[in-house]
Amino acid sequence: MAQGRLLRQLIRAGAETGGEEFRVVAEKVIEQERLKKHHLLANDLERILYGTSANGGGEKSLSRALPPIPVDAERKLPLMETQEPVRSFEDLVLSAENQSVLEQTILEQGRRDVLGSWGLRPNSRLLFCGPPGCGKTLAAEVLAAELGLALVVIRFDAVVSSFLGATAANLRKVFDFLEQARCVALFDEFDAIAKEREDATEHGELRRVVSAFLQMLDHYRGSSVLVAASNHEGMLDRALWRRFDEVVFFETPDEEGVKRILEVKLRGVRRDFEVEGGALVDALLGLSGADIERVLIRAIKDMALSGREFVGTAHIMAALARERRRRELSERPTG
């Protein structure tokens with residue numbers, strides 16, 4: 001676990017329960033981080049220490065510092081929406097390789113001044129690939145939270161237009177916004193505008209959009225972190241791949257991943273079993289992280305509504321049976 005993340009956890013816990021003595025010590029820690037030129041981390045620690053209170057008041061919204069959100073000229077729809085990130089690394093289950101990529105990005109973003117003195121730029125363009133529900137969107141939120149930035153989600157339902165040239169114009173507005181802002185920008189369902197141009201089934205307008213996006217990405221020099229997420233990486237234009245600093249592949253959790261998800265999602269919930277593998281873990285294998293979380297939430301609800309104090313394997317297995325039924329119905333042929 002990165003040192004910066006540990007410091008954030010420590011200050012966050014102390015800000016809610018500590019007194020004057022804790023505040024004095026915390027200020028010295030922040031001062032030391034500034035002397036090390038860890039300015040981003042120091043700013044974030046100050047925000048946590050002075051901006052967070054036990055009743056949740058007083059914290060400045062990260063979104064307030066952003067420029068006005070651009071809109072589509074014809075429909076007047078906002079081209080993006082802003083979110084305050086609330087989840088941290090503790091809510092995210094990653095492989096060691098993927099966690100290393102995110103931590104490296106956080107480190108480089110925090111030491112941009114050092115890299116700049118060498119004529120280098122930090123990682124700021126990430127491509128997240130993998131099946132639905134495996135943590136791509138959550139990872140973008142965690143990245144924003146760790147950097148102390150707002151999460152801005154690009155709305156492709158507003159960006160993509162039926163009017164000739166309007167989609168490229170909307171993308172230009174998005175990039176102009178990102179040049180002025182500092183945030184984590186999530187291009188979710190990225191394949192909506194980045195499909196392979198050689199696909200004979202695609203019309204000329206989409207090919208022009210992909211070409212325009214490539215040019216904008218090449219010329220982008222802002223300080224925002226761009227995250228593109230796709231469930232269908234095989235559909236992406238081949239020229240896109242080399243434009244990203246890192247490509248992160250998210251997969252369905254293996255046995256260790258399932259155990260970790262159980263530990264994380266049942267944290268603070270009383271249960272009458274230990275997560276050590278066996279039939280429960282085996283039963284959850286093959287599900288995405290989001291599917292497992294949905295099963296566990298349903299099990300906790302069943303436990304609470306039945307007046308029990310402990311979640312048992314029976315609650316989880318019953319919830320799993322309902323999830324399987326749900327998946328069967330969703331996969332049933334229509335027509």
Side-chain angles (χ1 to χ4, degrees), residues 1 5 9 13 83 85-102 128-143 145-146 151 153 186 188-189 229-234 248-335:
M1 184 177 290
R5 197 160 76 250
Q9 292 174 9
Q83 300 177 11
V86 296
R87 293 189 282 185
S88 65
F89 260 115
E90 288 66 41
D91 300 305
L92 183 62
V93 176
L94 293 172
S95 67
E97 180 180 359
N98 288 355
Q99 179 151 332
S100 176
V101 171
L102 292 190
F128 291 173
C129 303
C134 287
K136 298 186 296 296
T137 302
L138 176 56
E141 180 181 351
V142 168
L143 189 60
E146 293 295 318
L151 176 66
V153 182
L186 174 61
D188 205 3
E189 299 186 12
S230 174
N231 300 334
H232 308 286
E233 62 271 14
V248 183
F249 290 91
F250 292 76
E251 299 178 346
T252 302
D254 58 12
E255 182 176 345
E256 288 303 315
V258 171
K259 292 179 186 178
R260 175 65 179 144
I261 291 173
L262 287 170
E263 293 285 359
V264 169
K265 301 306 178 183
L266 294 177
R267 186 174 52 219
V269 178
R270 302 175 75 183
R271 60 180 188 266
D272 61 5
F273 63 91
E274 295 295 330
V275 180
E276 298 177 348
L280 177 58
V281 172
D282 289 343
L284 294 171
L285 281 173
L287 297 182
S288 70
D291 291 338
I292 296 173
E293 181 175 4
R294 187 164 48 246
V295 167
L296 296 179
I297 290 174
R298 186 176 293 140
I300 295 169
K301 287 181 177 179
D302 290 345
M303 176 270 295
L305 294 174
S306 64
R308 303 296 181 93
E309 295 184 7
F310 295 85
V311 170
T313 54
H315 292 113
I316 297 177
M317 295 305 286
L320 177 59
R322 290 168 62 187
E323 176 65 21
R324 286 174 172 162
R325 176 61 176 162
R326 175 179 177 273
R327 295 181 70 179
E328 289 172 0
L329 291 175
S330 68
E331 295 171 359
R332 179 180 295 177
T334 59

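Numbers here simply count residues along the sequence, with the first being 1. The basis for the numbers below is simple: all heavy atoms, side chains too, and nothing from hydrogens, waters or symmetry mates.
The shortest side-chain heavy-atom distance between L284 and L262 falls under the 4.5 Å cut-off. When side chains are defined from C-beta on, F89 counts as touching Q99, because their heavy atoms get closer than 4.5 Å. Side-chain contact between R87 and L138: present, with at least one pair of heavy atoms (C-beta onward) separated by less than 4.5 Å. Between E323 and I292, the closest side-chain pair of non-hydrogen atoms is not below 4.5 Å. Between D302 and V311, the closest side-chain pair of non-hydrogen atoms is not below 4.5 Å. For the pair V269/L296, no side-chain contact is recorded, criterion being any heavy-atom separation below 4.5 Å from C-beta on.
With sequence neighbours excluded, the residues satisfying side-chain hydrogen bond (donor to acceptor under 3.5 Å, both in side chains) with E256 are K259. Residues that satisfy the side-chain hydrogen bond (donor to acceptor under 3.5 Å, both in side chains) test with S100, not counting sequence neighbours, are absent from this structure. Checked against side-chain hydrogen bond (donor to acceptor under 3.5 Å, both in side chains), D291 has the following partners two or more places apart in sequence or in another chain: S288, R294. For the side chain to side chain contact (heavy atoms under 4.5 Å, CB included) test, no residue two or more places apart in sequence or in another chain qualifies with E189. Residues that satisfy the side-chain hydrogen bond (donor to acceptor under 3.5 Å, both in side chains) test with T252, not counting sequence neighbours, are absent from this structure.
A side-chain N or O of E90 and one of S88 form a donor-acceptor pair less than 3.5 Å apart.
Between the side chain of E255 and the backbone N or O of L285, no donor-acceptor pair lies under 3.5 Å. Side chain of K136 to main chain of F250: no donor-acceptor pair is present (N/O by atom type, distance under 3.5 Å, no hydrogens or angles).
Atom CG of L280 and atom CD1 of I316 lie 5.0 Å apart (nearest 0.5 Å). Atom CG of L151 is separated from atom CG of L143 by 9.0 Å, given to the nearest 0.5 angstrom. In this structure, E251 CD and N98 CG are separated by 8.0 Å, a value rounded to the nearest 0.5 Å.
The heavy-atom pair separating F128 from A139 by the smallest distance is CE1-CB, 3.8 Å. Of all heavy-atom pairs spanning P253 and I261, the tightest one is CG-CD1, 3.9 Å. Here the shortest heavy-atom pairing between L266 and F273 reads CD1-CZ, 3.8 Å.
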Evaluate R267 against D91 for salt bridge (Lys or Arg N to Asp or Glu O under 4.0 Å), listing each step before the verdict. CA-CA 10 Å; R267 186 174 52 219; D91 300 305; 3.4 Å; yes

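Residue pairs that meet the side-chain hydrogen bond (donor to acceptor under 3.5 Å, both in side chains) test with at least one member in residues 308-319, sequence neighbours left out, are R270-E309.
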